[in-house]
S.K.: 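Right, I'll just put the structure down here and ask away after.
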Amino acid sequence: MPQGQPSVVPEDGLTTRQRRNRPLVVVHTGIGKGKSTAAFGLALRAWNQGWPIGVFQFVKSAKWKVGEENALRVLGASGQGGLVDWHKMGEGWSWVQRDAQMDNEAKAREGWEQVKRDLAAETYRLYVLDEFAYPMHWGWVDTDEVVEVLRARPGTQHVVITGRNAPERLVEFADLVTDMSKVKHPMDVGQKGQRGIEW
């Protein structure tokens, strides 16, 4: 297994193993495609390690059947890797905010409260907070509170957060941040999303 070498070795008093196994906060943001896809790729790796996984979808519709959900539910129930729980917070809203669905703010806060309870209980080893950057960006969930809860989380719980417009405070705090930029997209020439690619 190839292993990368860090460019900096801090004088933090930790051993290489301790530093290597430190739980991470990962952020996938930007306007390009692939933020959630990359997070679900991490979930597949976590499943393979036998880690319990909690997926919290904050923005995509509760009715939206994404392929990753079906695949991870089947894998989680297989008994061969980690368990997978999938929680949907939305009621049909997308990354375009809609005035007609103001209860989504309450649902986002309710979802964040559940994540807080699970973090305190160390329910999962990997948390995928899919599209969670939007509730913070819109002011529905307080970014400072999110950062402080994540900073104080016990154990070895990894958290990955996806979504456009990740708040700067979250970006500064996170251990790993990837900004997905768009170079080209089929929508640029009028092509809509398709099975097997978008869902």
Side-chain angles (χ1 to χ4, degrees), residues 4 6-12 14 19-43 45-46 53-60 68 87-90 93-99 101-120 124-185 187-188:
S7 57
V8 175
V9 178
E11 295 184 22
D12 54 11
L14 298 176
R19 198 176 303 112
R20 179 183 213 171
N21 294 323
R22 196 170 51 89
L24 301 176
V25 172
V26 179
V27 175
H28 298 162
T29 192
I31 63 169
K33 175 176 167 49
K35 297 177 288 292
S36 296
T37 304
F40 294 133
L42 285 177
R45 290 177 175 173
I53 302 160
V55 177
F56 297 80
Q57 277 195 299
F58 277 86
V59 175
K60 291 187 175 104
E68 296 94 341
H87 309 274
K88 294 185 181 184
M89 307 305 169
W93 40 307
S94 72
W95 60 269
V96 178
Q97 191 173 2
R98 297 191 179 135
D99 293 337
Q101 298 177 339
M102 296 309 291
D103 66 329
N104 293 322
E105 181 174 352
K107 290 191 180 298
R109 287 187 179 145
E110 179 184 315
W112 169 236
E113 291 301 318
Q114 182 60 52
V115 171
K116 285 165 49 178
R117 288 190 292 271
D118 284 329
L119 285 167
Y124 306 108
R125 182 81 186 270
L126 176 70
Y127 295 73
V128 177
L129 309 187
D130 190 35
E131 313 288 11
F132 188 50
Y134 294 108
M136 285 185 277
H137 175 69
W138 291 330
W140 294 357
V141 174
D142 183 67
T143 303
D144 288 335
E145 179 191 5
V146 170
V147 167
E148 291 314 310
V149 167
L150 294 178
R151 185 188 316 278
R153 73 194 188 281
T156 55
Q157 301 177 96
H158 300 277
V159 179
V160 56
I161 296 171
T162 72
R164 296 182 183 200
N165 302 310
E168 189 58 34
R169 175 96 168 85
L170 177 68
V171 168
E172 290 171 0
F173 168 72
D175 301 291
L176 171 59
V177 179
T178 299
D179 188 308
M180 308 275 189
S181 61
K182 184 187 80 159
V183 177
K184 294 174 74 174
H185 194 289
M187 288 178 69
D188 298 338

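FYI, the numbering just counts along the sequence from 1. Below, each value reflects all heavy atoms present in this structure, side chains not excepted, and no hydrogens, waters or symmetry copies. What you see is a predicted model; the values in this text were computed from it and never measured.
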S.K.: From Thr162 OG1 over to Phe40 CZ, what is the distance, rounded to the nearest 0.5 angstrom?
M.R.: 7.0 Å

S.K.: Testing the basics here: between Thr156 and Arg125, what is the closest heavy-atom pair and its distance to 0.1 Å?
M.R.: O-NE, 2.8 Å

S.K.: Taking the side chain as C-beta and beyond, is there a heavy-atom pair between Val159 and Leu129 under 4.5 Å?
M.R.: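 Yes; the side chains approach each other to less than 4.5 Å.
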
S.K.: Mind listing the closest non-hydrogen atom pair of Asp175 and Pro23 along with its distance?
M.R.: OD2-O, 3.9 Å

S.K.: Give, for atom CD of Gln57 and atom CG of Asp130, the distance between the pair rounded to the nearest 0.5 Å.
M.R.: 5.0 Å

S.K.: Between CG of Leu126 and CG of Leu42, what distance do you get to the nearest 0.5 Å?
M.R.: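 That separation rounds to 6.5 Å.
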
S.K.: Minimum heavy-atom separation for Pro154 and Ala120, please, with both atom names.
M.R.: CG-O, 4.1 Å

S.K.: Closer than 4.0 angstrom, basic N to acidic O: yes or no for Arg109 and Glu105?
M.R.: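 So Arg109 pairs with Glu105 through a salt bridge.
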
S.K.: Please give me the minimum heavy-atom distance between Arg164 and Ala133, naming the atom from each residue.
M.R.: O-CB, 3.5 Å

S.K.: What verdict does the side chain to side chain contact (heavy atoms under 4.5 Å, CB included) test give for Glu68 and Val55, after you've listed the backbone C-alpha separation in whole Å, the side-chain angles of each residue and the deciding distance to 0.1 Å?
M.R.: CA-CA 10 Å; Glu68 296 94 341; Val55 177; over 6 Å; no

S.K.: Between the side chains of Asp179 and Thr29, is a donor N or O closer than 3.5 angstrom to an acceptor N or O?
M.R.: no

S.K.: Does the plane of the ring in Phe56 sit parallel, tilted or perpendicular to the ring in His87? Use 30° and 60° as the thresholds.
M.R.: parallel

S.K.: Any heavy-atom pair between the side chains of Lys182 and Lys33 that's under 4.5 Å?
M.R.: no

S.K.: Decide yes or no for Val25 and Arg153: does some side-chain heavy atom of the first lie under 4.5 Å from some side-chain heavy atom of the second?
M.R.: yes

S.K.: How about Val115 and Val149: do any of their side-chain heavy atoms sit closer than 4.5 Å?
M.R.: no

S.K.: With a 4.5 Å heavy-atom cut-off, do Thr178 and Val26 have their side chains touching?
M.R.: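 No; the side chains remain at least 4.5 Å from each other.
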
S.K.: For Trp140 and Asn104: C-alpha separation, side-chain torsions, deciding distance, then whether side chain to side chain contact (heavy atoms under 4.5 Å, CB included) applies.
M.R.: CA-CA 9 Å; Trp140 294 357; Asn104 293 322; 3.9 Å; yes

S.K.: Just wondering, do Phe173 and Val146 contact through their side chains at under 4.5 Å, heavy atoms?
M.R.: no

S.K.: What distance do Asn21 atom CG and Leu14 atom CG have between them, rounded to the nearest 0.5 Å?
M.R.: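 So the CG of Asn21 and the CG of Leu14 are separated by 11.0 Å.
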
S.K.: Enter the distance from Leu119:CG to Gln114:CD here, rounded to the nearest 0.5 Å.
M.R.: 10.0 Å

S.K.: If you take all heavy atoms of Ala39 and Val128, which pair is closest and at what distance?
M.R.: CB-CG1, 3.9 Å

S.K.: Are Glu148 and Asp144 close enough that some pair of their side-chain heavy atoms sits under 4.5 Å apart?
M.R.: no

S.K.: Of all the heavy-atom pairs spanning Gly34 and Met180, show the shortest one and how long it is.
M.R.: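 The pair with the smallest heavy-atom distance is O-CE, 3.4 Å.
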
S.K.: Can you check whether Val9 reaches Arg19 side chain to side chain, under 4.5 Å on heavy atoms?
M.R.: yes

S.K.: In Å and rounded to the nearest 0.5 Å, what is the CE to CZ distance from Met136 to Phe58?
M.R.: 8.5 Å

S.K.: Check step by step if side chain to side chain contact (heavy atoms under 4.5 Å, CB included) holds for Glu172 and Val177.
M.R.: CA-CA 9 Å; Glu172 290 171 0; Val177 179; over 6 Å; no

S.K.: Crowded around Arg169 CZ? As in, over 12 foreign heavy atoms under 6.0 Å?
M.R.: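 Yes.
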
